Amino acid sequence: MKRIALLMDGWKRFFTYAWPAGILQRLRETGEEANLYIFHSSGEWSCDRDYNKGEYNIYRLPDLSEFDGIVLDINNIQCPGVRDDVIKAAKQTGRPVIAIASEIEDFYYVGIHNDKAIREMIAHMHEKHGCQKFWFIMGPEDHYENRVRVQALKDYMTEHQISFEEDHFYFESFEYQCGCHGFEQMCIRWKHQIPDCVICANDNIAVGVCEAAARHGWKVPDDFCVSGFDNFDKASFYSPNITTVGHIREEVGYQCADILIRLWNGQQVPRFNYTGTTCIFWESCGCHADISIDHTRHAKDQIMYNIETTEFEEQVLSLEYELLQCSSVKEMMMRIPACIPSMRCDAMYMITDSHLNDYKERTDYFGANLSDNEELHTVGYPETMNIEFAYVDGKVQNTDNQKIQSLFPMFDFDKGGTDFLFLPLHFRDRAVGYFVIRNAVYLMEKQYLFQIINTLTSAMENLHKKEKLAYLNQMLTKLYMRDAMTEMYNYTGYQMLAGKLFEQKKRENQNLLIVFVDLDRLKYINDHFGHEHGDKAIRIIARAILQICLKDSIPVRTGGDEFLIIQDAAGDHCEKEFVTSIQEKIAQEAYKAKLPYPISASIGCVRTDMRTTKTLDDYVREADAMMYAEKVAKKVNRKV
């Protein structure tokens, strides 16, 4: 089974469905055993550059050498370096690469013949309508197709001795607003001396020009002609109908697939391959196109579109609410098919970075970093990732503890003409994984993808922030109550916990052990071996205590070399046994450390009697006194 990779960047947040539709049509017509893998970004939708960077990261997901053919639609990419990286990665594979609507060295070209189409348009305005003075309101100056069209216009005017200046050209975008802004700017630039014709880069711009002109009292085509490009609905149903260039966009994808099939079969293919275009001369230049416009059908389609859109938006609102109730990403994924029945796909998968669950699973509160720097990737994806969720043919699959290291063989499929759509999941520039849909035709065509993924990602990020906040609160609580050197409770922790435990045990008539421990000869160790060794000796005592203590005990470092233990008493004669256990564990830890001095501790241990009126402080003082007595006895013995 062959594989085709299609890397494409959406226009704003919209999906260019025509490319995969055409590719799949040709694959299914020929019965070619090949599947389509689409890696899609919406990289220029946001003003946030970090967000756009996170979108473009999806292009780093595939190993392009694993594919038999590569198709690139990367004209809209404006993020520095991304386009060059994609081109470089494609070239290094040695596989046949097709660039849609962009001339890239060593790659095949598929697209409309911009030079031919735009020359035919200006020739019609010049020869048919006698236009001599032109304004040109165009798209982004660095866009490939825009550059070709501009050069074709200049070449035609030079060949036909039509005077022009660079100030006759206005560059901005392919949006309606470009037409409005461009016309206003040109009016100011040329002091309201309007031209014979305004040639626009597309129909959106042409409509904007017509609207801006009407605000000044000018009428198209009575005062000047206007042309667009693409033959979208705006051209057909706007009044006046916009003179434009028509082309079937699906033919681009169709030719891409056809070229790859021919190359796989060893056939020769020309480098440049053009799809057909047709100039449609309509009312905006004073012509009448012999085309029937079904306004009734268009109105009906608009009504149904509005109904479907409203229904989908309600589903998205329901999904947003449901996702807020979820406590895990897996649970979120379960809600999507229920809330968005119009997904209509064969399967969907979520693959995530294991670090996404860091804050839910971490318990290392000491030494943790409070900064915003996390382990999530900003370039590429981890080698091994979690299969967080899989929904195949209407059934949720068990993916517990399942991992994925590459796209294949997981996303191989034994039926040709199948498509897999890969979409990035990220928190701004931090990649958290990717979303995969098998046979996403309906979603691509209806433009539902962006809202679904955006809603899901927002919910995931909110959950991640909640988990992070909960973790940080726990960490701060621990730091507030714990001694950083030993990880025992500090005096604040003692005050918050010990009294409550004592009162609880008193109500239950259960006794406690109160143990006071003091490191012997700390001053001697500091003076003769340095404070570093003094700290090491303190940590050894603490480690020994923590290993001996019961799970629910309260071990406290009350001072520099003083420790207090409060824990359940078990048995009738446990005090002595417990003290002996501490001493033995201290000896073991000291032996392992191979220190040049002995380590020991003086210990006082008392057992409470909850039938008396003694307080916790009374028992602590008793244990302290017993410890001090032992320490004095040791000093006396050393002098003797």
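Basis for what follows: all heavy atoms, side chains included, without hydrogens, waters or symmetry-related copies. Just so we're clear, the structure is a prediction, and the values are computed from it rather than from any experiment.
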Please check if atom [atom1] in [X] has more than 12 non-hydrogen atoms from other residues, nucleotides or ligands closer than 6.0 Å.
X: Q325; atom1: CD; value: yes
X: M334; atom1: CE; value: no
X: K465; atom1: NZ; value: no
X: Q302; atom1: CD; value: yes
X: Y305; atom1: OH; value: no
X: I248; atom1: CD1; value: no
X: Y321; atom1: OH; value: no

Donor-acceptor contact below 3.5 Å, side chain [X] vs main chain [Y]:
X: Y37; Y: F411; result: yes
X: E66; Y: F408; result: no
X: R249; Y: W19; result: no
X: T243; Y: W282; result: yes
X: E461; Y: F427; result: no
X: D73; Y: A99; result: no
X: D115; Y: A152; result: no
X: R147; Y: D142; result: yes
X: S458; Y: T455; result: no
X: Y59; Y: M8; result: yes

**Asked** side-chain contact (heavy atoms from CB on, under 4.5 Å) between V432 and L376: does it pass, once the steps are laid out?
**Response** CA-CA 7 Å; V432 297; L376 297 171; 3.8 Å; yes

Identify whether NZ of Lys or CZ of Arg in [X] sits under 6.0 Å from the centre of the six-membered ring of [Y] and within 45° of that ring's axis.
X: R149; Y: F229; answer: yes
X: K154; Y: F169; answer: yes
X: R428; Y: Y51; answer: no

**Message:** I'd like to check the salt bridge (Lys or Arg N to Asp or Glu O under 4.0 Å) partners of E467; sequence neighbours left out, ordered by chain and number.
**Reply:**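 Partners of E467 under the salt bridge (Lys or Arg N to Asp or Glu O under 4.0 Å) test: K360.
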
**Message:** Is any side-chain heavy atom of I100 closer than 4.5 Å to one of V71?
**Reply:** yes

With rounding to the nearest 0.5 angstrom, report the [atom1] to [atom2] distance, [X] to [Y].
X: D9; Y: I74; atom1: CG; atom2: CD1; answer: 9.5 Å
X: E313; Y: L319; atom1: CD; atom2: CG; answer: 13.5 Å
X: M385; Y: S406; atom1: CE; atom2: OG; answer: 12.5 Å
X: F420; Y: L407; atom1: CZ; atom2: CG; answer: 10.5 Å
X: I387; Y: T352; atom1: CD1; atom2: OG1; answer: 9.5 Å
X: S41; Y: I77; atom1: OG; atom2: CD1; answer: 6.0 Å

**Prompt:** For residues 228-242, which residue pairs qualify under side chain to side chain donor-acceptor pair (under 3.5 Å), counting only residues two or more places apart or in two chains?
**Reply:** N204-K234, E211-Y238, D230-H247

**Listed once per pair and sorted, the side chain to side chain donor-acceptor pair (under 3.5 Å) pairs that draw on residues 80-92, sequence neighbours left out** = R83-S102

**Asked** In terms of side-chain geometry, is the basic nitrogen of E165 or R189 positioned less than 4.0 Å from the acidic oxygen of its partner?
**Response**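 So E165 does not pair with R189 through a salt bridge.
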
Is it the case that [X] and [Y] place a side-chain donor and acceptor less than 3.5 Å from each other?
X: S65; Y: D63; answer: yes
X: S354; Y: N386; answer: no
X: E251; Y: T275; answer: no

**Message:** Parallel, tilted or perpendicular, judged at 30° and 60°: which one describes the rings of H298 and F237?
**Reply:**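 Rings of H298 and F237: parallel, as their planes differ by under 30°.
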
**Asked** Parallel, tilted or perpendicular: which describes the rings of H192 and W218, with under 30° parallel and over 60° perpendicular?
**Response**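 Ring orientation, 0 to 90° scale: tilted.
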
**Message:** Under the salt bridge (Lys or Arg N to Asp or Glu O under 4.0 Å) definition, can you give me all pairs with a residue in residues 433-453, not counting sequence neighbours?
**Reply:**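 Matches after skipping sequence neighbours: E308-K446, D393-R438.
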
**Complete:** So salt bridge (Lys or Arg N to Asp or Glu O under 4.0 Å) across residues 323-333, not counting sequence neighbours, yields E331-R335

**Asked** With a 6.0 Å cut-off on ring centres, are Y349 and Y434 close enough?
**Response**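 No, ring centres 6.0 Å or more apart.
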
**Message:** Ring centres under 6.0 Å, that's the criterion: do F15 and H40 meet it?
**Reply:**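 Yes, ring centres under 6.0 Å apart.
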
**Request:** Apply the test side-chain hydrogen bond (donor to acceptor under 3.5 Å, both in side chains) to residues S46 and N52: give CA-CA distance (whole Å), side-chain angles for both, the deciding distance (0.1 Å), then the verdict.
**Result:** CA-CA 6 Å; S46 174; N52 297 338; 4.6 Å; no

**Message:** Which residues pass the ring-ring contact (aromatic ring centres under 6.0 Å, His included) test with F171, not counting sequence neighbours?
**Reply:**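 Applying ring-ring contact (aromatic ring centres under 6.0 Å, His included) to F171 gives none.
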
